[in-house]
Novice: 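Please find one structure pasted underneath; my questions will follow.
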Amino acid sequence: MTTLSDVAKEANVSKMTVSRVINHPEQVTPELRVIVEKAMEDLNYHPNSIAQALVNNRTNVVKFVTLEDIDTTEPYYMNLLFGFARGLNTKQYAMQLVTDPTQIEKGYADGYLITGARNKDYDMFDKLDKPFVLFGENHRGYDFVDTDNQTAEKIATQYALDRLYKRIIFIGIDIKEPFEYSREAGYINTLQQHQLIPQIYRVPNHSHKAQEIIHEHFKEFKKDTCFICASDRIAVGVVRQLQDEGARIPEDFGVIGFDGVFLDQVSNPKLTTIKQPIFKMGEMLASMLLQKIAQSGSPQGEIMLKPELIRRETTR
């Protein structure tokens with residue numbers, strides 16, 4: 001069995017240096033860390049995670065906290081969970097799922113990934129005594145990972161214009177949160193660059209609410225209109241009601257969703273959508289949180305991942 005001494009000899013460093021790379025990587029230069037980690041990989045050396053936890057007075061457990069009423073078995077959150085779990089596995093960390101905000105600090109953990117955060121929750125974060133990162137944009141300076149929401153809707157809006165739709169309407173989620181503001185800004189800025197007037201409707205994130213909006217205003221919608229939707233769930237409702245109204249998709253009306261996880265593929269016709277890299281975001285959240293724990297809570301900043309437009313049957 002490969003030992004710490006073997007790794008030190010292979011990397012031509014002291015055992016203390018190897019120990020620091022394993023237990024306190026923030027105390028070692030990046031160049032030295034690369035040398036030691038390569039030696040560990042070449043020798044197939046895996047540190048004892050239990051021993052590491054004892055040395056660092058840690059539990060090797062983090063909590064995945066959901067602050068909104070969500071079904072974590074939905075494909076969207078399952079992808080995020082699996083990505084996060086895979087990222088934790090690189091450092092032999094375990095995950096505990098917490099769906100009750102009052103239980104965040106109950107028990108033992110080294111840190112928290114928090115999803116579904118809203119403006120009303122921010123005061124609570126300042127009182128947490130463990131490192132945490134957020135899934136989703138915020139304007140309070142908290143570390144986070146998210147899709148580049150503004151760029152996403154710029155891509156969607158420009159694509160609709162390129163497909164020669166003359167009117168572009170945005171149907172957003174009726175919440176006052178940073179990610180929604182960013183999505184609307186991407187849409188608005190792109191239309192203004194083309195000297196076009198934005199038109200925005202906002203509904204709760206439910207397909208039947210989107211159907212109601214289309215039904216109420218259908219007579220106002222002229223042909224050659226494309227609906228840019230802030231979620232696939234809203235887009236599915238738009239498609240369904242357009243069909244009920246006898247509209248032709250995609251010839252007369254286009255629809256573009258946002259998420260690209262499951263609903264876009266089961267829709268009939270299948271949705272053109274902005275696909276978020278959900279699994280990758282889960283991995284990045286794990287990496288950010290573990291690094292923050294290793295660095296005793298030092299700020300990590302923000303990571304914005306670029307989404308991808310997936311062209312399917314709801315646009316021409």
Side-chain angles (χ1 to χ4, degrees), residues 76 80 115-119 134-142 144-205 207 209-210 213-214 221 224-239 250 253-261 263-264 267 271-278 280-281 284-285 301-312 314-316:
Y76 183 95
L80 186 68
T115 72
R118 298 292 181 253
N119 287 314
L134 301 185
F135 172 48
E137 282 189 60
N138 72 89
H139 297 159
R140 292 281 291 269
Y142 298 122
F144 74 85
V145 176
D146 200 354
T147 298
D148 188 337
N149 291 290
Q150 184 166 332
T151 295
E153 296 301 32
K154 284 182 178 179
I155 292 171
T157 305
Q158 186 60 55
Y159 179 77
L161 292 169
D162 291 343
R163 304 314 297 170
L164 303 181
Y165 289 104
K166 296 178 181 178
R167 285 160 289 277
I168 316 296
I169 295 175
F170 188 86
I171 303 185
I173 302 173
D174 190 18
I175 51 176
K176 297 179 180 179
E177 297 294 339
F179 76 88
E180 178 63 23
Y181 292 142
S182 292
R183 293 179 191 183
E184 292 187 14
Y187 158 79
I188 292 169
N189 293 343
T190 305
L191 281 193
Q192 289 178 340
Q193 289 173 6
H194 293 269
Q195 289 78 50
L196 296 173
I197 299 173
Q199 184 175 352
I200 297 176
Y201 296 90
R202 299 182 183 90
V203 297
N205 193 21
S207 60
K209 291 297 184 181
I213 283 289
I214 298 300
F221 301 141
D224 280 334
T225 293
C226 187
F227 296 94
I228 308 293
C229 303
S231 75
D232 285 344
R233 193 177 300 278
I234 289 174
V236 165
V238 171
V239 168
F253 293 92
V255 183
I256 301 178
F258 195 112
D259 284 333
V261 183
L263 286 179
D264 57 311
S267 169
L271 278 174
T272 294
T273 191
I274 294 291
K275 184 177 180 61
Q276 298 194 70
I278 305 295
K280 180 65 174 177
M281 285 195 285
M284 297 300 294
L285 283 160
E302 62 186 54
I303 297 176
M304 304 278 272
L305 298 181
K306 186 176 181 180
E308 175 187 8
L309 186 138
I310 305 297
R311 179 185 176 185
R312 292 205 177 94
T314 57
T315 51
R316 59 198 184 198

Novice: Nearest 0.5 Å, what's the CD1-CD distance between Ile168 and Glu153?
Specialist: 12.0 Å
Novice: For the atom pair CZ (Arg312) and CG (Asp264), what is the distance rounded to the nearest 0.5 Å?
Specialist: 4.5 Å
Novice: Could you check if a side-chain atom of Leu271 sits within less than 4.5 angstrom of a side-chain atom of Leu263, using non-hydrogen atoms only?
Specialist: no
Novice: Ignoring hydrogens and geometry, is there a side-chain-to-backbone donor-acceptor pair from Tyr201 to Ile214 under 3.5 Å?
Specialist: no
Novice: I need the minimum non-hydrogen distance between Leu285 and Leu134, along with the two atoms involved.
Specialist: CD2-O, 3.5 Å
Novice: Quick one, Thr314 and Val238 - any side-chain contact, counting heavy atoms below 4.5 Å?
Specialist: no
Novice: Looking at Lys176, is its backbone amide N or carbonyl O close enough to the side chain of Asn119 to form a donor-acceptor pair, meaning the two atoms are under 3.5 Å apart?
Specialist: yes
Novice: Are the side chain of Asp259 and the backbone of Val261 linked by a donor-acceptor contact shorter than 3.5 Å?
Specialist: no
Novice: So do the side chains of Asp224 and Leu164 get within less than 4.5 Å of each other, counting heavy atoms only?
Specialist: no
Novice: Quick check: closest heavy atoms across Gly260 and Asp232, and the distance to 0.1 Å?
Specialist: N-OD2, 2.8 Å
Novice: Given side-chain contact (heavy atoms from CB on, under 4.5 Å), test Tyr181 with Gln150 step by step and report yes or no.
Specialist: CA-CA 8 Å; Tyr181 292 142; Gln150 184 166 332; over 6 Å; no
Novice: Do the side chains of Glu308 and Ile310 get nearer than 4.5 Å, heavy atoms only?
Specialist: yes
Novice: Can you find a pair of side-chain heavy atoms, one from Leu305 and one from Thr147, that are under 4.5 Å apart?
Specialist: no
Novice: Between Ser207 and Ile234 (side chain of the first, backbone of the second, donor and acceptor by atom type, cut-off under 3.5 Å), is there such a pair?
Specialist: no
Novice: How many angstroms lie between CD in Gln158 and CG in Leu309, if you round to the nearest 0.5 Å?
Specialist: 11.5 Å
Novice: Is a side-chain N or O of Arg316 found less than 3.5 angstrom from the main chain of Gly254, in a donor-acceptor match?
Specialist: no
Novice: Where do Ala230 and Gly172 come nearest, in terms of heavy atoms and distance?
Specialist: CB-CA, 3.7 Å
Novice: Hey, is the main chain of Ile175 close enough, under 3.5 Å, to the side chain of Glu180 for a donor-acceptor pair?
Specialist: no
Novice: So, Glu184 and Arg202, do they make that salt bridge, N to O below 4.0 Å?
Specialist: yes
Novice: Quick one: does any side-chain atom of Tyr187 pair with a main-chain N or O of Gln199 as donor and acceptor, under 3.5 Å?
Specialist: yes
Novice: Minimum heavy-atom separation for Ile274 and Pro307, please, with both atom names.
Specialist: CG2-CB, 3.6 Å
Novice: Holding to side chain to side chain donor-acceptor pair (under 3.5 Å), I want the full list of residues that pass it with Asn189, two or more places apart in sequence or in another chain.
Specialist: none
Novice: Just verifying a value: how many Å separate Lys154 NZ and Asp148 CG, rounded to the nearest 0.5 Å?
Specialist: 8.0 Å
Novice: Under a 3.5 Å distance rule, please check whether Asp174 uses its side chain to pair with a backbone N or O of Pro204 as donor and acceptor.
Specialist: no
Novice: Which of these, Phe221, Phe170, Phe258, sits in a ring-ring contact (aromatic ring centres under 6.0 Å, His included) with Phe227?
Specialist: Phe221
Novice: Is the closest side-chain donor-acceptor distance between Thr157 and Thr190 under 3.5 Å?
Specialist: no
Novice: Show the nearest heavy-atom pair for residues Thr315 and Pro250, with the distance to one decimal.
Specialist: C-CB, 3.4 Å
Novice: Grab the two heavy atoms, one from Thr273 and one from Gly257, that are nearest each other, plus how far apart they are.
Specialist: OG1-C, 3.1 Å
Novice: Could you give the distance from CD1 (Ile278) to CG (Leu80), rounded to the nearest 0.5 Å?
Specialist: 6.5 Å
Novice: Identify, with sequence neighbours excluded, every residue that meets side chain to side chain donor-acceptor pair (under 3.5 Å) alongside Asn149.
Specialist: Glu137, Asp146, Arg183
